[in-house]
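Labels below follow one simple rule: chain letters A, B, ... track the order of the sequence lines, proteins then strands, and each chain is numbered from 1. Computation of the quantities below employed the complete heavy-atom set of this structure, encompassing side-chain atoms and omitting hydrogens, waters and symmetry-equivalent molecules.
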Amino acid sequence: MTRPPSDIPAAGDGAGSPALTPAAGPTPAAEPIPAAGLPPAVELRGITKRFPGTLANDAVDLTVRRGEIHALMGENGAGKSTLMSVLYGMERPDAGSIRIDGVEVSFGSPSAAMAAGLGMVHQSFKLFDSLTVAENVVYRAEPRRFGLVDRAAARRRVRELGAEHGLVVDPDARVGDLPVGLRQRVEILKLLHRGARTLILDEPTAVLTPAEADALFVVLRSLTARGRTVILVTHKLREVLEGSDNVTVLRDGRVVARLRTADTSGAGIAAAMTGRDVELDRVHPPGTPGDVVLAVEGLRTAGVHDVGLAVRAGEIVGIAGVAGNGQSELVEALAGLRPATAGRVGLRGEDITHASATERRAKGLAYVPEDRHAVGTAPAASVADNLAMGHHRTSLSSRHGLLPPSAVRSHARELVDRFGIKASTPDVPATALSGGNLQKLLIGRELAHDAPLLLVEQPTRGVDIGAIQAIHDELIAYRDAGHAVLLVSAELSEIRGLADRILVMYEGRVTASYDRSDADEATLGLAMAGGAAAPRADTPDPDDTPDTDGD
Amino acid sequence: MFFDSDLLMSALRALTPILLAALGGALCERAGVFNIGLEGMMLMGCFTAVTTSWFTGSPWLGVLAAALAAAAYSLILAVGAVTLRGDAVVLGIAMNLLAVGLTGFLLRTIFGVQGTFDDPSLAGLPLVGGFSPLAYLAWAAVGVTALLLSRHVWGLRLRGVGEAPEAAATLGVSPTRYKYAAVLVSGVLCGLAGAQLALGNVTLFSENMTAGRGWIAVVAVMLGRALPLGVLLAALLFGLAEAAGFRLQGLGMPQQATDAAPYVVTLVALFLSTAQHRRRTARTRMTTRTTGVTP
Amino acid sequence: MASAPDPARTKGAARIKEAARTKGAARRNGTARIKGALRSPVTFSVVAGLVIGALFLVGTGADPFAAYGAVVTGSLGADGIGSTLTTGTSVLGMALALAIPLRAGLINLGGDGQMVLGGIAATVTGLYSPLPAPLTVVAALLAGVLAGAAYAALAALCENRFGVPLLVSSLLLSYPATSLASYLVRYPLKEPGSSLPQTRRLPEGVALPAFGTSTVTAGLVLVVLAAGAYWFADRRTAVGYEIRMTGLNARFAAYAGVERKGLTLRLVSASGALAGLVGAIGVLSFPYRFLDGSLTAPGYTWTGLTAALLAAAAPLGTVVAAFFFAVLQVGGLSMERTTEVPRELTQVLQAIVIVFLAARLRFPRLRRRKPQDPQEPAAHEPDDPAPTAKEPASQGEFA
Amino acid sequence: NAAAKDDSSSAGAKGDGKSFTLVTPDSVGQNQFLKLAVDGVKAAAKAHDGTQKVYQSSDSASQQQNVQAAVDAAPDVVVLVGFEFADVVAQQAEAHPKQQFLMVDACTEKTFANVSCAVFREHEGVYLAGAEAGLLSENGKVGAVVVLDTGQFRRYSDPFAAGAKKVAAKASASTRFVGGQSPFDDSARAKEQANSLLAKGTDQIMAAAAAGNYGVFEAAKAKKAYAYGVDVNQCTAAPGTVVDNVIKKTDVAVQEGIEQVLAGKAGKTVSYGLKEGGISLTGLEDGVDASKCVIADHKDVLKKVEALRDQIVSGELTVDDPAAK
Ligand SMILES: Nc1ncnc2c1ncn2[C@@H]1O[C@H](COP(=O)(O)OP(=O)(O)OP(=O)(O)O)[C@@H](O)[C@H]1O
Ligand SMILES: Nc1ncnc2c1ncn2[C@@H]1O[C@H](COP(=O)(O)OP(=O)(O)OP(=O)(O)O)[C@@H](O)[C@H]1O
Ligand SMILES: [Mg+2]
Ligand SMILES: [Mg+2]
């Protein structure tokens, strides 16, 4: 690769007002000018993609220079994923052209795109959990001996690539056993093994801690320094501002802005994405804590060791931590979906340690789970049926357990209106909703319980800025109504913006606790990476029984 | 005296058709297609083998035709479950019913008999060392599929397809193609199983002659965790239980008890293996979860 | 989302919208429903099955019209309707038995064993109960129900406790049950002096009342009542809702507090109870005794399962499908008697219908529809017999 | 029409003669016993210049439906083969006193004026076959492979042992029941059951396993042992292996039964044994030498067996009937 890396996010020349540029005309002002003689790594012209009822991409132009990190931003449904699917050969565009390194191409399949040097890391990882890292990396590009997979060569390859790019992973580990951050390394190794020169990453940091995200950007930088190109699809302004060279913003399938990162600010990008002014990083006024609602003492379950915490009425307690450090297990144990092996859980003074999920709900607990597709909803069921869940035994049904269909439907209409869920009728299946709307459905349903205690996991993962703010407002309103909220989020800004107190979980224990005012990102980030952990015993806890729910 | 070589021989004979079918089932399972149509595919194999052998006089052509016919029949599952994304369980159950009806119908239309077709001049498979050549083929197939799945490029891709088809697709491996291949191969294996049953174990066709062996193969796939060697052990367990049951009848055990024995033994084996499997996965998961990064 | 707007206003708006919706719907609903029904995969499957069956007939030189005519007259004509309803009693009973767990994504393949144990329990009660005959009948029915339920519960425990998928545990448990029944009627319960594997005949009066001189008994009324109860539970109760949601996404239901293991146990027990009821009805009808194999040989379990699958376990659909298969079975035999066409044809038809349905084939759209047509046939009509995005739970639990 | 015209439906001249309907409990197929019943009805129809129909059932439900359909058509005689029909015939006979029924191989518990029965004493023939086995066996080990463990089918095992012991005092016998999911069709299973007998050194096997008999013959042939068939001459299925057959002349019983009914002598039960000639051995019939049976080469054995037969016919020797226990 001959071209030197592009200018790293050095201070631009006085980034004053956001350089908003309407995407009219063939050569908008902020269009990065390709270095003389070298064609752009990727050049999309007039890409149009129509789905039944939706114009997902409307004559989109996108130019990505070799060696840059190019951010692609936009709200949910703006057309980012669609555009990348078109580029990557997964969807055929209705109109438009694609050039890779100046050569016009037309990909019929991802393999064709891969052969042209593209590689994509999807938002939901595309990995084989039961296979090893090495097998995942070489899949479909296997080193062979006599027609058999040459496993030694595969391992060697993983080690070499890892060493070269700072992506160290054990080639023999089963991918299913790896934490998310390492899985992402495997995804990137996969692309590098295939010789990808342009990497597309769709929301790569959605599930990472700041530390992991920072590590990822170091890797991405080292890749671009070696002449590779990165297209980054994301909702996170911070990353874009710190990590990218140029930004393209989509709204409603159209390019609304092309910006040099150095020349812009977060507010500018946000305004371009939403089409209105957005107040970023709002810090909500603190709550006024009352009586203890949730009291946890010495709780143990698989993956959770000796956790104690308390949440009071009128406060939000945030749990920060890298995914896989026991937060999900803790919340599941609190919700009654996982048996506690020791300790005590009290809800409004009542011992609920061994109560079933239904009993806990009856006693005043509502719960927004992390995975809205697999756990939080039944995608094939109607919106009305999805909204009824949990209410079907209480407000909607009569004493005798009758559940009149009319009650279910009118309940649904009420919530659809109250929470602004976009659904044509309550009878459409939940699959028809976008990610953000599905999340609203979920949060609306749980808030409607008016339960004294709300457990919320990752309430805004993969949701756009507009919806994030609406959801945050709802949570604050809920707190201010005198309810207790336990919030689990991998998003530090979210935790810091909402929580009155912040706990950090590391390896199944609560290792640190901060008041909102003491918790800056650096401190929290360090604690999440184990910096605040007490020295860990080398032997696993004796009472740490293996989980028996056999999932 | 009780566990003599005859018992083993008897178990091995009982096991051959089950093993062939179960290997097919294991391949499908690995490819992510739940195949409970083994019984039906096998029955189609039985019928085609006998019909072809009868009209051509060659049992080998019968074997070939059985493999082809069962493979063609397996297309129902491939098209229905893979291309049209239908429900594999429902399709499998329907295929089993269809095979019974179809072979019964054809038996009457072609041979004009109901129940059983048998004729002394119907040519069966020769025996080599007490077993039909297909039995040896079944043994070889265990090794071949084991190697294929664990070491061969095709096997790696197949396993990937079965585990996460979208992931395979993004890497340019067509899940459809691999699933079709797995289903068709299972068809061929079930066809061979049928031929073995109708021209090897005996030399005749009778309605519903598979008599639940396909279902046992399904259970063997599960018990053997879709691993070729595991499937072999599971089939062997069943074969031994059945052969031992025959002996026990001789010792005065009622026929009904010996009838039920193989199923009870299989169920108990399932209990034990599931419990053990859980314990093991729980343990490995715990260690990696607590250590986080492995070197 | 914002803060909730004035609730009174939104409610009013919703009411107006609702009024408009129902008005428009009333007008267009009829035709849309018919169109929807015609295009549904069920219609396609049935028609395709009949066409392929006709091709078979032509291929073997028979007259398809005569054959199908014989099926219809043989099953629905004056001579056949009694047999159809008698067969239908058992088929519907088993179809319901299998539909109930299927609604939650559970497949019970152990119907044979549960039915046979129900039959044995009813026989023993009928033979040895000291109660007067009418009470004995009730006791025998209850005994059958309990035996079936208890045995099915065993299969559910295998899944809940030992992690052996229900599909397999129920199937494997079925064999020992039929063997046990077979043993009992050959030795302890055998009719003295008879060379048959059968029990004594139940005492006079220990029988379900029959309609006139026909073989149709009050058993039909019982299974129809069961179907009604199932319909009601499915459509109008919280439990029915939980079952449906479990079938659509078991993790979702569990998250909301539906206890999977408890539900499995209850549903599978209910399933076994119905299977046991069918067994008891079989024994309390002609020939009023337990004859080894007579309950299982007609294959009601499989026919019932196919009916439940055809209807995606929806209550009304299950009833219709069960009746359809009873017609095929009885009509097929009659066709064989009158037209020389082997009755296996109807078995082939039955299987082909299911194959097509499982493959989700439907008639192609004749005209292009506007995208997002609000009158798109309601795929979520709970009684729509089309299986909508329903994955049997067993699949995921395999291996 | 290829759909099995001969087996399933009306054939023969459509005269003004009598009409007969035969209902079978199972598919006729290769079931020799049922085939003979069909032959019997056909012969009767021919003799009376009449018509006949055969309704084949497969399970209790179809048996009931077929009997009902037969009665609805009101032929001169409804013929039913098999013990499965006892209950349904009793019911129909009561409901239709004008309809004549002929039951073969079983009878109703109560007697009805319009139900005639023909039953067999198979055990007498099996006893003789057992005697042959006892005489031919090298080590005195004989056995039987039988469909199911019921009294009716034990007529093929217990008397076989008794016959063998009669001629060879230290003979030992054992029985295997095919069982399994389809006992009448599972020849592979029948074969394995035979193998388990052969493994014990058994060299004479009575085969009463319906379609499974062919499996038994194959097993015996492979081990150079001997087998005994049932109902008709099965020696042709495995010449050199099948020694003899216990013949059951169902055709004769059907034909004679119909004649009795038509002659106005309904309501009686006729029992066929060695004496009446309804049960016999191939070896004791004419044409032994052309039968391909092994017994044709053992005239000395036949002599002894003939003597036994005469004892049974004269009543000097009675054979225990296991079904009567
Ligand atoms: N396969 C499809 N069929 C129909 N409509 C689709 C399909 N894929 C996307 N759409 C629609 O196209 C539009 C753009 O979707 P896209 O997935 O590109 O948005 P996105 O920018 O990636 O959103 P997010 O931030 O939520 O990931 C949306 O309105 C979506 O509903
Ligand atoms: N086949 C499809 N038909 C209709 N809409 C679709 C289809 N596939 C995707 N969509 C829509 O495309 C939009 C974006 O899809 P995408 O897969 O990016 O999910 P998402 O909105 O990002 O949610 P999440 O972040 O939780 O995965 C959603 O509105 C989704 O409903
Ligand atoms: Mg997207
Ligand atoms: Mg997204």
**Q** Could you look at B/Phe205 and say if it's the side chain, the backbone, both or neither that has a heavy atom under 4.5 Å from chain D?
**A**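 For B/Phe205, there is no contact with chain D at all, as no heavy atom is under 4.5 Å.
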**Q** Just how far is it from atom CZ of D/Phe184 to atom OG of B/Ser206, taken to the nearest 0.5 Å?
**A**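 Rounded to the nearest 0.5 Å, the CZ-OG separation comes out at 12.5 Å.
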**Q** Check step by step if side-chain contact (heavy atoms from CB on, under 4.5 Å) holds for D/Lys200 and B/Arg247.
**A** CA-CA 10 Å; D/Lys200 286 180 42 176; B/Arg247 301 298 172 96; 5.9 Å; no
**Q** Return the minimal non-hydrogen interatomic distance between B/Ser10 and D/Glu192, and the atom names on each side.
**A**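 Looks like OG-OE1, 2.8 Å.
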**Q** Decide whether B/Thr203 and D/Glu218 meet the rule of one side-chain donor and one side-chain acceptor closer than 3.5 Å.
**A**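 Per modelled atom types, B/Thr203 and D/Glu218 side chains form a pair under 3.5 Å.
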**Q** Measure the spacing between CZ of B/Phe246 and CZ of D/Arg176 and express it to the nearest 0.5 Å.
**A**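 Those atoms lie 9.5 Å apart.
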**Q** Assess whether atom OH of D/Tyr226 is packed by more than 12 heavy atoms of other residues, nucleotides or ligands within 6.0 Å.
**A**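 For D/Tyr226, atom OH is not crowded (no more than 12 foreign heavy atoms under 6.0 Å).
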**Q** Are side-chain heavy atoms of D/Lys191 and B/Arg13 found at a separation under 4.5 Å?
**A**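 No, too far: nothing below the 4.5 Å cut-off.
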**Q** Roughly how far, to the nearest 0.5 Å, is OG of D/Ser27 from CG of B/Leu107?
**A**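 So the CG of B/Leu107 and the OG of D/Ser27 are separated by 9.0 Å.
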**Q** Is chain B contacted by the side chain of D/Thr175, its backbone, both, or neither, given a heavy-atom distance below 4.5 Å?
**A**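 Contact with chain B involves the backbone of D/Thr175 alone.
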**Q** Checking D/Leu148 against chain B: side chain, backbone, both or neither under 4.5 Å from a heavy atom?
**A**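 Contact with chain B involves both backbone and side-chain atoms of D/Leu148.
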**Q** B/Leu204, B/Asp119, B/Leu127: which one forms the most heavy-atom pairs within less than 4.5 Å of chain D?
**A**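 Most pairs with chain D among the choices: B/Leu204.
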**Q** If you take all heavy atoms of D/Arg189 and B/Arg213, which pair is closest and at what distance?
**A**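 Looking at all heavy atoms of both residues, the shortest contact is N-NH2, 4.0 Å.
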**Q** Do side-chain atoms of B/Asp259 reach the backbone of D/Gly179 as a donor and acceptor pair under 3.5 angstrom?
**A**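 Not a single qualifying donor-acceptor pair exists.
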**Q** A quick test of your reading: do over 12 heavy atoms of other residues, nucleotides or ligands sit less than 6.0 Å from NZ of D/Lys223?
**A**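 Check passes, neighbour count above 12.
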**Q** Hey, does the side chain of B/Gln255 reach the backbone of D/Phe177 with a donor-acceptor pair shorter than 3.5 angstrom?
**A**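 Not confirmed, B/Gln255 side chain does not pair with D/Phe177 backbone.
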**Q** Which region of D/Asn195, side chain (C-beta onward) or backbone (N, CA, C, O), has a non-hydrogen atom less than 4.5 Å from a non-hydrogen atom of chain B, or is it both or neither?
**A**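 Only the side chain of D/Asn195 comes within 4.5 Å of chain B.
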**Q** Quick check for you: to the nearest 0.5 Å, what is the distance between D/Ser58 atom OG and B/Glu207 atom CD?
**A**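 CD of B/Glu207 is found 8.5 Å from OG of D/Ser58.
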**Q** State which residue, out of B/Asn201, B/Asp118, B/Leu197, B/Val202, fulfils the side-chain contact (heavy atoms from CB on, under 4.5 Å) condition with D/Ser187.
**A**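 Among B/Asn201, B/Asp118, B/Leu197, B/Val202, the one meeting side-chain contact (heavy atoms from CB on, under 4.5 Å) with D/Ser187 is B/Val202.
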**Q** Non-hydrogen atoms of chain D under 4.5 Å away: do they reach the side chain of B/Phe111, the backbone, both or neither?
**A**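 Neither; nothing under 4.5 Å.
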**Q** Between D/Ser174, D/Ala188, D/Gly215, which shows the greatest number of heavy-atom pairs under 4.5 Å with chain B?
**A**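 The answer is D/Ala188.
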